Structure formats: C-alpha cells, structure tokens
Amino acid sequence: MTGRRNSGGLFEHGREQQVREMAPLAERMRPATFDEFVGQAHILAEDRVLRRAIEIDRVPSILFWGPPGSGKTTLARLIATVTRSYFEPVSAVSAGVADLRKAVAGAQERQALYQQSTILFVDEIHRFNKAQQDVILPHVEDGTVTFIGATTENPSFEVNAPLLSRCRVFTLNALDEDAVTVIIQRALSDDRRGLAALEPQLEPDAMAHLVNIANGDARVALNALEMAVVAAEPDTAGQRRVTMDGIADALQRGTPQYDKAGDSHYDTISAFIKSVRGSSPDGALYWLARMLEAGEDPMFIARRLVILAAEDIGLANPGALPVAVAAQQAVHFIGLPEGRIPLAEATVYLATSPKSNAAYMGLERALEDVRGRPHEPVPLHLRNAVTGLMRGMGYGGGYKYSHDYEGHFEAQEYLPPELSDRRYYEPSDQGSEAAIAERLRRWWGNAS
C-alpha cells in the first residue's frame, strides 16, 4: 500500500481509462498538472505559499472555499498527484459517520505499518452536520490525517469552529471570462480528452454567449459545450458548426443581448435601479428577470438592493434596509436558482415603499462642509472627560445628559459654533419620515 489507490495493474488501469473516456467533458478535462490549471493565481502562482507547500509535500489542513466550478475539487486532486501521502476522497453528499471512521481506521493502519500519512479530502464539507464534523476533529488534531475540505458555503457558518481553527482557509474566486475562454478552447483543441476529434467549429458569438452564461463556472461551460457539439450535424467536410442557438439550446436558456462587462450590463442594472426608485414593481421585476436569465451575479443584484434601500428609501421606511440585507444573506446562503425568490421579494418591497433620500443627502451636505471648511475643534461640553486634568480643562463641562430631562430631550448645541446654523438632515413628508419630521420640529422648533 504505497500511495494512491491507482496501482491495480494493467486491467485496473484500462478500466479507469475506459471510465474516464465515458465521463462528461468537464471530468475528462480536469487538469492533470499545475501547468494545466487555469485561474486562482492569487494562491497558486509559483511564489505563493500554498503552491510551495504542495510541491514539497508539506500540505497543512486546508479548506477551499469558492463558487461552483472554480476548481476546488480539481485542486484537491492535483495535490493527490504531487503528494506522497495516501489520498482518501469522501463526498459529504453520500458519506456518513461510518465512512469517516473507516477512512480514519485506514489512515491509522497506514501510519502504523508503513509510516505513510493520509490526506482525507471531504468534498461539500458543509453538508456534514456537527456530529459528522466532530468525527474528523481529533484525528486532524493528532496528525492521523491531513484534512482538506471543499465548500461553496462560508466556512465561518458551515464548519465547526474547532475544525475551522485547525485549517488554513483559501478562497477561490469565480473564474473570469478569460479563464473560461481558455478552458473552452483547450477542450475544442484536445484530441485525447476533449472534442477535437469531432472537428467542432464554435462561432464567435456562440463562444461569447457560452462564456457569459457560464458565469465563472467551468463545469457549466464544458458540459454545455459538449452537448452542443455532439448535437451539431457534421457538414460535408465533417466539421460540426456550433451556433449561438445551439449553445442556448444546450444551456436551456435564451440568448439575451447581455454582456456583463459591457454597456448592456450597466444599462440593465440602471433600468432596474430606476424602476425601484420610481416605484414600479413591474418594471423592476422585468429587469430583474432579464439579469437573472442572462447569468448576472445574484450577489451583485443583492448589493444594489441594499444600496437602494439606504439611498432611495431611507427612513421613509426603516424596514427597507433590513429586508434588503436579509435578501442578500438569503442569496448568499441558498444560491441560485432558489435565491431568485428572496431577490424578487425584496425588489417588490423596495419598489412599493415610500421613498426618501434625505439621510443620504444630509450626509452629502455634511461631507461638503467637512471637505470644504476648516476642521473646527470639538466643543468642550461634548468632549470625553476621562481624567482629572481633562475635567479641569473644562472637558464635558455643561453637558446635558438627555435622559435626565423630561421627554429624554434637552436642547443644546452639537455642532461647532461656526456651523451652528447648518441643517444637514431635512426629512421628507413620506412614510415614517413624516413622523420623524414632526418629532424634530417638536424638539428643535423652526430651526429644524
């Protein structure tokens, strides 16, 4: 037992080769070396600590966190080809405590009999519950196994704190469009693992659409490409022409004119924002649907909703910001396709809310004074008197503690004297802000 479980002789090698040839394109095109790996240079460049640790076979316990198709499992398998440790893969989708205990028992045996270490790779670690994760912990702690986990979910929420504290977390990013393009081109030109033997001809607009819709997920791109190429009829020269419609059919999505890096991206999000600001739930839902169907990053949409809630609704409806933040968290937690539901709910809630930008504009007016005028000293009565010397210098002197007064309010100046006439926040008469305006008038009179 010396190394990975891939030394079963010629028959076993032939069987593995046959299985590989029957595997989906995304599986066949998995990089076999670091030179073939595309993307994630921030952790895998030759001068990075992780790359060096892998190459000298001193891999620590690791968590790979990143979106689907970013290379987490591929990276774990690459580590297996470099390391002299035994590589034990487990999928949290199908494995249970019994499987983990069996893997640990095997690791203990190899350690005792052959002085060989074991890398325990758990894919989709977030699918293990606390009890299942606890099975791994003591054996990571005593060095029986080196743990490598892969997850699409935030490890801070999905991995037990004791296990998390014993791992280095490396974040993988969604592949950019250049990286996805390289991966597609390799699949088209590879005559051993890829599609070159079928002589595919991918039209430029079909390539652009495939890269766009893949949204950084190499697996989505490759599996759709394979389906489109196989389905294309060879012409008289034996070539298979893959069109935009062929890619759209393989993806089971339409072909909206939408470029996430170009004008259409900015025009569409602009239309979405203006529809919400303009209190049109129908318009907002339409542009939301356009973005989702085109493969827009749902977290980008969620971030815009959070900004909208604070900028355009503000205190006219104080519930808008919590709803938007909840939608952002829900999308992060469940992803697509279900994440479109809280996005739609938040969109309609914000579009139908009363609107006010008073808080935002108040900040802008205050920033104008901060940037355009001398920074006046903090008035003495507002300063923090923490020592006798400070109190002797008048710090805090004359400050009126609001809770000591009727109605928990007593008028006093909170701005530097040179700015005492400034009024930055001017509440509107919309929604809850109308009550705020009345309260400020009661406290401050006509000055507010």
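Note that this is a predicted model, so its numbers are computed, not measured. Quick note: residue numbers are just sequence positions, from 1.
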**OP:** Please name all residues satisfying salt bridge (charged side-chain N to carboxylate O under 4.0 Å, His left out) with Arg51, sequence neighbours left out, ordered by chain then number.
**Re:** Glu55
Subject >> Residues that Asp99 engages under salt bridge (charged side-chain N to carboxylate O under 4.0 Å, His left out), provided they are two or more places apart >> reply: none
Quick one: does any side-chain atom of [X] pair with a main-chain N or O of [Y] as donor and acceptor, under 3.5 Å?
| X | Y | answer |
| --- | --- | --- |
| Arg219 | Ala26 | no |
| Arg193 | Ala187 | no |
| Arg48 | Ala41 | no |
| Glu36 | Ala32 | yes |

Subject >> Partners meeting side-chain hydrogen bond (donor to acceptor under 3.5 Å, both in side chains) with Gln430 (sequence neighbours left out) >> reply: none
Original post:
With a 4.0 Å cut-off, would you call Arg77 and Glu27 a salt bridge?
Top reply: yes
Which pairs would a plain distance check flag for residues 303-314, meaning a side-chain donor or acceptor within less than 3.5 Å of a matching protein atom at least two apart in sequence or in another chain?
from, atom 1, to, atom 2, distance (Å)
Asp312, OD1, Arg277, NE, 2.9
Asp312, OD2, Arg277, NE, 3.3
Asp312, OD2, Arg277, NH2, 3.4

Pairs flagged by side-chain hydrogen bond (donor to acceptor under 3.5 Å, both in side chains) wherever [range] is involved - sequence neighbours left out:
| range | result |
| --- | --- |
| residues 179-189 | none |
| residues 359-370 | Asp369-Arg422, Asp369-Tyr424 |
| residues 56-66 | Asp57-Thr83 |

List the atom pairs, with distances to 0.1 Å, where a side-chain N or O of residues 335-351 and a protein N or O form a donor-acceptor pair under 3.5 Å, not counting sequence neighbours.
from, atom 1, to, atom 2, distance (Å)
Arg340, NH1, Pro337, O, 2.8
Thr347, OG1, Leu343, O, 2.8
Tyr349, OH, Asn317, ND2, 3.1

Pairs under 3.5 angstrom only: tabulate donor-acceptor contacts from the side chains of residues 137-149 to other protein residues two or more places apart or in another chain.
from, atom 1, to, atom 2, distance (Å)
Glu141, OE2, Arg166, NE, 3.3
Glu141, OE2, Arg166, NH2, 2.5
Asp142, OD1, Thr144, N, 2.9
Asp142, OD1, Thr144, OG1, 2.6
Asp142, OD2, Thr144, OG1, 3.4

Other residues, nucleotides and ligands only: do more than 12 of their heavy atoms fall within 6.0 Å of [atom1] on [X]?
| X | atom1 | result |
| --- | --- | --- |
| Tyr399 | OH | yes |
| Gln115 | CD | yes |
| Tyr401 | OH | no |

Subject >> Pairs meeting criterion salt bridge (charged side-chain N to carboxylate O under 4.0 Å, His left out) with involvement of residues 314-323, two or more places apart >> reply: none
**OP:** In sequence, state the C-alpha distance, the side-chain angles, and the governing distance for Phe170 and Leu75, and then conclude on side chain to side chain contact (heavy atoms under 4.5 Å, CB included).
**Re:** CA-CA 11 Å; Phe170 290 93; Leu75 184 50; over 6 Å; no
For residues 91-98, dump all side-chain donor-acceptor pairs below 3.5 Å to protein atoms at least two apart in sequence or in another chain.
from, atom 1, to, atom 2, distance (Å)
Ser91, OG, Val93, N, 3.3

Original post:
Sequence neighbours excluded, which residues qualify as ring-ring contact (aromatic ring centres under 6.0 Å, His included) partners of His375?
Top reply: none
Original post:
Hey, what's the ring geometry for Phe121 with Phe87, parallel, tilted or perpendicular (30° and 60° as the breaks)?
Top reply: parallel
